[in-house]
Amino acid sequence: MSFRNDSPPAGPAPFRWGVATSAFQIEGATGADGRTASIWDTFTRRPGAIGDGSTADTACDHYRRMPQDVALIAGLGVDTYRFSVSWPRVQPGGRGPVNPAGIGFYDRLVDELLAHGVDPWVTLYHWDLPQELEDAGGWPHRDTAYRFADYAELVFAALSDRVEVWTTINEPWCVATYGYADGIHAPGRQDFPAAMAAAHHLLLGHGLAVSAMRAAATRPHRFGITLNLGNVLAVPDDEAAAEAARCADGLNNRLYLDALVHGRYPADVLADLAERGVALPIADGDMAVVGQPLDVLGVNYYFDATLNAAGEVRTGPLTGLGWPVTPSGLTELLLRLSRDYPGLPLVITENGAAFTDEPDADGYVEDTGRAAFLQAHVDAVDAALAQGADVRGYFVWSLLDNFEWGHGYGPRFGIVRVDYTTQQRTLKASAHRYREIIAGRRS
Ligand code: FCB
């Protein structure tokens, strides 16, 4: 077996075009083939936790419809598919040997993708922690980082002969903040110091996993992490707003970036935390592990936030979830990353929008809003490239409408519509537009 791009043509690496999904949001089959519960299976059963009271027991039934979905992906003309591996599927309970039936699914998925000329891009952790590890303390507990590295090694051993690019963790800020401070995501805890301990252990887990995979690699692989990043702006002429923006930018963006790229947490953020009586549980040697070289930084971009002294202000065009539409912010963000963290190749690992889709009788959706959103953000990437940002790819969130975490199935992010009753997939106008955009860039 060889990587699809084992012998790349001379010249700069081609820009990757992709679509992204995550295991828990699409797979369903939560009890199949030895899979145990994740924290999200537990959380979806907590009364009131999910907006529409749903679970992801079936979701898009992708576990059973995988070959059909891969054909759909290939039909879009993308060269890369970013998916995540379900930890409780491949290592039930979060400890011990690999589950052959669980890893078998990803083994077949990788083969199917390669057979269709699509590169697999693996994310190891997209939020579905085995419940047993939460019961043992979850991410606020240091041992979880070591468990994650063991799990990464298992998956790497099975798939690294065919998968070149490995993302450790998706959006550690969301995991820590929504899961352990705000309690709006699994496991639904509300404990700020625990959330900050989780943040450190997620980064440590990333570093330990990369070390383990690099040590096991027998050929050139690329290792990275995906952060959710956005500019945090202040309303003009308001000192308190500017201070709130510094704080939020520190906690949301710089805490992660500085630790990963420079191997240290920003001094102002540590001081802000100390004022709140919180110290990160950093042990000797941790920061060297966290800050080891990254081959690629995944950027999930949805919107910029604008703050006044009281909090966030949202004006202008908004998506169906009330998120501001701020494509020029993506250009600014990519330029800022290139300026403040030079030498780091960037890939947009998620970008997309939920809008209220109105299907016709055949299930077709003329989603001009989403198509325009995608076009505007691709243009924003082009603008950043023209100004020298090192951007290597762009992936749409998401391939399919899917289980949108605390919201359930209400918000639809897919460029392909899913009828949850029949599981029928129908390309939306945005999927056709995306295919044209990609074809245009290749010609
Ligand atoms: C990101 C998540 C992804 C999806 C999008 C809308 O934060 O990584 O799973 O929910 O938001």
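Indexing begins at 1, ligand by ligand and atom by atom, following the structure's order.
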Task: Pairing residues for Val261 by the side-chain contact (heavy atoms from CB on, under 4.5 Å) criterion, not counting sequence neighbours - done: Tyr341, Leu344
Between the protein and ligand 1, are there any N or O atom pairs that come within less than 3.5 Å of each other, and if so, what are their names and distances?
{"unit_1": "ligand 1", "atom_1": "7 (O)", "unit_2": "Glu171", "atom_2": "OE1", "d": "2.6"}
{"unit_1": "ligand 1", "atom_1": "7 (O)", "unit_2": "Glu171", "atom_2": "OE2", "d": "3.0"}
{"unit_1": "ligand 1", "atom_1": "8 (O)", "unit_2": "His126", "atom_2": "NE2", "d": "3.3"}
{"unit_1": "ligand 1", "atom_1": "8 (O)", "unit_2": "Asn170", "atom_2": "ND2", "d": "2.9"}
{"unit_1": "ligand 1", "atom_1": "8 (O)", "unit_2": "Glu171", "atom_2": "OE1", "d": "3.4"}
{"unit_1": "ligand 1", "atom_1": "8 (O)", "unit_2": "Glu171", "atom_2": "OE2", "d": "3.4"}
{"unit_1": "ligand 1", "atom_1": "8 (O)", "unit_2": "Glu350", "atom_2": "OE1", "d": "3.1"}
{"unit_1": "ligand 1", "atom_1": "8 (O)", "unit_2": "Glu350", "atom_2": "OE2", "d": "3.0"}
{"unit_1": "ligand 1", "atom_1": "9 (O)", "unit_2": "Gln25", "atom_2": "OE1", "d": "2.8"}
{"unit_1": "ligand 1", "atom_1": "9 (O)", "unit_2": "His126", "atom_2": "NE2", "d": "2.8"}
{"unit_1": "ligand 1", "atom_1": "9 (O)", "unit_2": "Trp405", "atom_2": "NE1", "d": "3.0"}
{"unit_1": "ligand 1", "atom_1": "10 (O)", "unit_2": "Glu404", "atom_2": "OE1", "d": "2.8"}
{"unit_1": "ligand 1", "atom_1": "10 (O)", "unit_2": "Glu404", "atom_2": "OE2", "d": "3.1"}
{"unit_1": "ligand 1", "atom_1": "10 (O)", "unit_2": "Trp405", "atom_2": "NE1", "d": "2.9"}

- [ ] Could you tell me which residues satisfy side chain to side chain donor-acceptor pair (under 3.5 Å) with Thr30, sequence neighbours excluded, listed by chain and number?
- [x] none
- [ ] Give a yes-or-no answer on whether the side chains of Ser38 and Asp41 include a donor-acceptor pair shorter than 3.5 Å.
- [x] yes
Open item on the list: Under the salt bridge (Lys or Arg N to Asp or Glu O under 4.0 Å) definition, can you give me all pairs with a residue in residues 184-195, not counting sequence neighbours?
Closed with: Glu134-Arg189
Task: Residues Trp173, Asn252; criterion side-chain hydrogen bond (donor to acceptor under 3.5 Å, both in side chains); working and verdict - done: CA-CA 6 Å; Trp173 179 86; Asn252 301 4; 3.2 Å; yes
- [ ] Report yes if some heavy atom in the side chain of Val155 is under 4.5 Å from a heavy atom in the side chain of Gln91; otherwise report no.
- [x] no
